[in-house]
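All values reported here derive from a predicted model rather than from experimental measurement. Chain naming here is simple, since letters A, B, ... match the order of the sequence lines and numbering starts at 1 in each.
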Amino acid sequence: MTNYQKIAELLYPNNKFTVEEILSKYPKRNLDKNQVVSRYAPSPTGYMHLGNFFQMFISYNLTRVTDGVFFLRIEDTDSKREKKDATQVIYEILDNFGIKANEYQTLDGEDIGAYGPYVQSQRVEIYKAFAKKLVAEGKAFPCFCKKTEGKEDVLKLREHKFENDDAKEYDPCRDLSYEEVEANIKEGKPFAIRLKTKNTGTERVKFYDLIKGEIDTKANAKDIILVKSDGVPPYAFAHAIDDTLMGTTIVVRGEEYISSTPAHMEIFDALGFDYVTYCHNPLICKIGDEGNRRKISKRYDPEADMRYYFEEGYPIESVLEYLLNLINSGFESWRRENPTLDWKEFKFGVNDITAVAPIFDLVKLNDISKNLISRMNKVDVYNGALVWAEKYDTEFAKLLKEHKNMAINMLNIDREIERPRKDIAKFKDVKALYSYFFNEIFDRAELLNFDEKYAKENIVRFLTAYKNVVDVTVQKDEWFAGVKEVAGSCGFATDNKAYKANPTAYAGNVADACTILRVAITGRTQTPDLYSIMQTLGKDEVMSRIDYVLQNLK
RNA sequence: GGUCCCAUGGUCAAGAGGUUAAGACAUCGCCCUUUCACGGCGGAAUCAGGGGUUCAAUUCCCCUUGGGACUACCA
């Protein structure tokens with residue numbers, strides 16, 4: 001028995017498995033070469049972040065177009081930062097977005113798929129087996145140093161580090177004798193396991209990244225941590241083992257991992273594993289206060305939290321399509337050519353994935369969403385609004401249900417026609433946009449919101465005449481002819497050219513008359529077709545609102 | 001400090017040595033129009049800077065500049 005083997009025994013006297021036993025439980029996947037196996041591996045340290053979702057979505061699409069395997073692995077190795085319901089929220093969000101993993105562990109702890117467990121905290125015995133093997137081979141060693149953790153520790157560490165910038169960082173414990181290790185263990189000192197790097201700081205490594213191409217960089221020369229003193233590995237070690245055992249072919253992750261890839265590669269080497277292919281994607285950004293790009297963050301940007309899109313009532317397709325737009329520039333032109341196809345018909349390709357950190361643009365998202373909702377039929381919009389309201393605005397949900405027919409008619413105005421109106425970006429908008437249809441929530445005082453350019457006497461004269469003359473029950477053309485006539489008789493110009501030539505001679509033009517009418521009935525200057533609104537509201541209600549204006553206008 | 005990534009209009013971007021440098025969102029103007037919209041037409045707006053290589057560089061190379069990431073017993 002070598003010294004290394006003796007140390008390994010000392011450290012891990014009663015491991016459950018040997019490496020060979022584990023390896024035999026994870027056979028190679030029986031798939032074609034082009035079928036991608038990829039994963040979403042969130043750590044449940046907070047609610048789902050847009051940047052995270054972005055990576056997930058790329059991974060998902062890669063597997064989707066190759067009919068591969070998309071699995072979910074919960075990386076709960078940092079018990080200190082773990083948030084209680086985070087895993088559940090992640091599952092819910094994926095579910096709501098219609099993203100289905102082929103393999104995962106259910107919330108009840110049942111593994112779906114043959115490569116589990118899909119939760120890292122349940123895999124510590126596996127990591128221990130590999131750690132023991134590396135120690136026995138002299139490729140890793142126990143470290144009894146005081147641990148560094150958290151931001152303050154790191155900052156303190158760096159103060160000195162930058163001064164004496166040594167290319168290699170060997171740990172003081174790397175050459176402890178058997179006796180020294182034994183003494184520490186007997187004392188009951190906790191230990192971490194570190195990689196004994198083979199490098200000296202001058203070596204270089206190359207790897208091929210699917211997005212960035214060949215990356216040629218400094219090799220790892222640090223005795224990095226493989227197992228923390230709590231017995232659980234940090235990301236790097238777990239990544240190497242799990243992605244190998246689970247047969248991942250492409251690791252999709254954010255580009256912040258590029259710099260640690262050489263370390264990951266050395267772990268793969270030590271373990272005797274083949275490298276995986278990496279796909280390092282840019283981070284989604286926002287414009288910072290100084291006009292710089294900065295990573296989108298939940299702290300400053302509400303849209304960075306995926307729950308935001310549900311709270312606002314965006315249709316899931318809108319969000320997915322916007323993201324697809326950022327990921328793959330070809331999507332937008334494909335969508336224009338295929339306006340009605342499901343986004344899943346889009347042939348997603350790695351080559352088209354952007355290498356530039358995109359700036360998140362809510363305006364563009366809204367545009368995509370408005371187009372999408374404008375193409376929906378009235379019942380779908382009604383249901384969308386209702387589902388949203390039942391969760392986030394129960395008062396409005398009640399109204400939608402009580403006035404179901406009216407609400408559907410209301411949402412049908414300027415809809416299901418060749419060029420539908422594009423006013424709703426998210427279901428939350430419906431209430432604000434259409435509140436004048438609901439007397440329960442509509443404040444009639446809004447009906448008095450006339451622009452000050454309209455003289456009070458003109459408003460009164462016109463509305464009075466309108467009320468006495470125009471019949472709402474007639475056809476649209478006839479109705480409008482009536483409006484025009486009344487407007488003319490009240491001093492509004494019916495000939496726009498004449499009006500433009502001499503605007504002061506008139507109270508306004510027919511457009512102004514219509515604006516007055518629109519405000520008197522809806523309280524706003526922008527609404528769908530006014531005639532249809534009046535039909536939906538009914539004659540009595542329309543007349544009652546005009547009376548209200550006449551009586552209260554000051 | 002070191003290592004790496006990125007660089008076409010305000011934003012998303014096409015272009016891969018020779019183009020009047022696409023398109024979308026936003027913006028502005030005009031048209032259509034009973035308002036608002038929708039739609040149509042048009043405008044303004046981009047190759048960060050400097051060196052190479054080449055007959056020719058937005059495109060290839062180098063440097064500079066700018067932005068970003070990492071440099072934890074976090075992921």
Side-chain angles (χ1 to χ4, degrees), chain A residues 41-43 45 52 75 77-78 80-81 143 145-151 153-155 157-158 161-167 169 190-194 209 211-212 215-218 222 224-230 232-236 238-239 253-262 280 282-283 285 287-288 290-295 322 325-326 329-330 332-333 335-336 354-361 363-368 374 414 417-423 479-481 483-484 487 494 496 509-519 522 524-531:
Chain A
S43 56
T45 53
N52 231 284
E75 308 217 323
T77 54
D78 187 359
K80 283 183 289 298
R81 294 200 310 152
C143 168
C145 299
K146 181 183 162 289
K147 57 181 172 180
T148 49
E149 58 179 303
K151 249 196 167 136
D153 271 15
V154 174
L155 290 176
L157 204 73
R158 279 184 201 156
K161 222 157 126 194
F162 290 161
E163 284 165 23
N164 33 345
D165 197 65
D166 195 356
E169 280 182 44
F191 63 89
I193 301 292
R194 286 184 183 269
D209 181 86
I211 308 299
K212 315 282 185 188
I215 294 178
D216 180 338
T217 185
K218 237 164 110 170
K222 272 173 77 171
I224 57 166
I225 292 282
L226 263 21
V227 181
K228 297 181 283 182
S229 49
D230 63 3
V232 179
Y235 174 82
H239 150 59
R253 37 145 78 153
E255 65 182 357
E256 71 266 32
Y257 286 95
I258 291 180
S259 356
S260 40
T261 304
H280 288 108
L283 281 356
C285 293
I287 301 279
E290 266 98 61
N292 58 320
R293 246 165 236 247
R294 47 153 258 258
K295 205 165 133 179
Y322 175 62
N325 211 310
L326 288 186
S329 56
E332 197 167 13
S333 48
R335 172 47 85 210
R336 218 173 310 125
T354 180
V356 185
I359 291 173
F360 189 83
D361 186 4
V363 179
K364 178 79 177 179
L365 167 65
N366 284 340
D367 177 68
I368 287 175
S374 79
D414 292 346
I417 52 178
E418 202 185 329
R419 293 195 305 228
R421 186 179 186 84
K422 300 177 179 178
D423 54 351
W479 166 78
F480 180 62
V483 171
K484 233 170 144 176
T494 48
N496 208 29
N509 62 5
V510 173
D512 291 315
C514 284
T515 301
I516 290 169
L517 191 57
R518 170 170 269 115
V519 173
T522 68
R524 53 208 83 193
T525 54
Q526 299 178 16
T527 73
D529 178 57
L530 186 55
Y531 175 77

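- Looking at heavy-atom distances under 4.0 Å, A:S374 makes no contact with the nucleic acid at all.
- Considering every non-hydrogen atom in both A:P42 and A:N52, the closest pair reads CB-OD1, 4.3 Å.
- Using a 4.0 Å cut-off, no side-chain N or O of A:T527 falls inside it from OP1 or OP2 of B:A37.
- Atom OG of A:S259 sits about 12.5 Å away from atom NZ of A:K218, to the nearest 0.5 Å.
- One atom, CZ of A:R336, and another, C1' of B:A24, lie 6 Å apart when rounded to the nearest Å.
- Rounded to whole Å, the C1' atom of B:C63 lies 29 Å from the corresponding atom of B:A14.
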For nucleotides 7-11 of chain B, print each protein N/O atom paired with a nucleotide N/O atom at under 3.5 Å, atom names and distance only.
none

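- Atom-to-atom, NZ of A:K222 to P of B:U71 comes out at 7 Å; the value is rounded to the nearest Å.
- Atom CZ of A:R421 is separated from atom CD of A:Q526 by 7.5 Å, given to the nearest 0.5 angstrom.
- Closest to the side chain of A:N325, from the set B:C5, B:U34, B:C12, is B:C12.
- For A:H280 and B:C5, the NE2 to C1' distance is 11 Å, given to the nearest whole Å.
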Please list, for nucleotides 73-75 of chain B, all pairs of protein and nucleotide N/O atoms separated by less than 3.5 Å.
unit_1 : atom_1 : unit_2 : atom_2 : d
B:C73  : OP1    : A:T148 : OG1    : 2.5
B:C73  : O2     : A:S229 : N      : 2.6
B:C73  : O2     : A:S229 : OG     : 3.0
B:C73  : N3     : A:S229 : OG     : 3.3
B:C73  : N4     : A:C145 : O      : 2.8
B:C74  : OP2    : A:K228 : NZ     : 3.4
B:C74  : O2'    : A:D78  : OD2    : 2.9
B:C74  : O2'    : A:R81  : NE     : 3.2
B:C74  : O2'    : A:R81  : NH2    : 2.7
B:A75  : OP1    : A:T77  : OG1    : 2.6
B:A75  : OP2    : A:Y235 : N      : 2.8
B:A75  : O3'    : A:E75  : OE1    : 3.3
B:A75  : O2'    : A:Y257 : OH     : 3.4
B:A75  : N3     : A:Y257 : OH     : 3.0

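- Nucleotides B:C6 and B:A22 have their C1' atoms positioned 23 Å apart, rounded to a whole Å.
- For the pair A:T261 and A:R253, the tightest heavy-atom approach, listed with the atom from each and the gap, is OG1-NH1, 3.3 Å.
- A donor-acceptor pair is defined here as one N or O able to donate and one able to accept, closer than 3.5 Å; such a pair exists between the side chain of A:D414 and the backbone of A:D529.
- Across A:T354 and A:I211, no two heavy atoms sit closer than the pair O-CG2, 3.7 Å.
- Here the separation of B:U3 from B:U19, taken at their P atoms, is 39 Å to the nearest Å.
- The main-chain N or O of A:D361 is found under 3.5 Å from a side-chain atom of A:Y322 such that the two form a donor-acceptor pair.
- Going from the C1' atom of B:U46 to that of B:A21 covers 9 Å, rounded to whole Å.
- Going from the P atom of B:U53 to that of B:C62 covers 15 Å, rounded to whole Å.
- Comparing atom distances between the A:S329 side chain and each of B:A69, B:C4, B:A14 picks out B:A14 as nearest.
- Where A:D367 and A:T525 meet RNA chain B, the nucleotide closest to each residue was compared, and A:D367 sits on the side nearer the 5' end.
- Rounded to whole angstrom, the span from the NZ atom of A:K484 across to the P atom of B:U34 amounts to 6 Å.
- At least one donor-acceptor pair closer than 3.5 Å links the side chain of A:D209 to the backbone N or O of A:H280.
- To the nearest 0.5 Å, the span separating CZ on A:R293 from CD1 on A:I359 amounts to 3.5 Å.
- Rounded to whole angstrom, the span from the CG atom of A:D512 across to the P atom of B:C36 amounts to 10 Å.
- Checked against side chain to side chain donor-acceptor pair (under 3.5 Å), A:Y257 has no partners two or more places apart in sequence or in another chain.
- Between A:D529 atom CG and B:U33 atom P the separation is 16 Å, expressed in whole Å.
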Next on the checklist: Could you write out RNA chain B as dot-bracket? Rules: Watson-Crick or G-U wobble, both distances under 3.5 Å, brackets [ ] for crossings, | for pairs with another strand, dot for unpaired.
Outcome noted: ((((((((.[[[..)..(....]]].(((((.......)))))....[[[[[..)....]]]]])))))))....

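- Comparing the P positions of B:C30 and B:G50 gives a spacing of 39 Å, expressed to the nearest Å.
- The shortest non-hydrogen separation linking A:P262 to A:T217 is CG-CG2, 3.7 Å.
- A distance of about 37 Å separates the P atoms of B:U54 and B:G68, rounded to the whole Å.
- To the nearest whole angstrom, the two P atoms, one in B:C12 and one in B:C47, are 16 Å apart.
- Nearer to the 5' terminus of RNA chain B, by closest-nucleotide assignment, is the contact made by A:I258 (compared with the other of A:R421 and A:I258).
- The minimum heavy-atom distance linking A:C514 with A:L530 is given by the pair O-CD2, 4.1 Å.
- Look at A:N292 and you'll find a side-chain N or O under 4.0 angstrom from OP1 or OP2 of B:G68.
- With sequence neighbours excluded, the residues forming a side-chain contact (heavy atoms from CB on, under 4.5 Å) with A:S43 are A:T45, A:E75, listed by chain and number.
- When the P atom of B:A13 is taken as reference, atom CD of A:E332 falls 10 Å away, rounded to whole Å.
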Item to check | Under 4.0 Å protein heavy-atom contact, by nucleotide of nucleotides 40-48 of chain B - B base, S sugar-phosphate only | outcome: ---------

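- When all heavy atoms of A:D78 and A:K228 are compared, the closest pair comes out as CA-NZ, 4.0 Å.
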Next on the checklist: Apply side chain to side chain contact (heavy atoms under 4.5 Å, CB included) to residues A:I368 and A:R335 and explain how you reach the verdict.
Outcome noted: CA-CA 10 Å; A:I368 287 175; A:R335 172 47 85 210; over 6 Å; no

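- One interatomic measurement links the two molecules: NZ of A:K422 to P of B:A24, which rounds to 12 Å at whole-angstrom precision.
- The shortest distance between side-chain heavy atoms of A:Y531 and A:V483 does not fall below 4.5 Å.
- Out of B:C5, B:C38, B:A26, the shortest distance to the side chain of A:K212 is found at B:C5.
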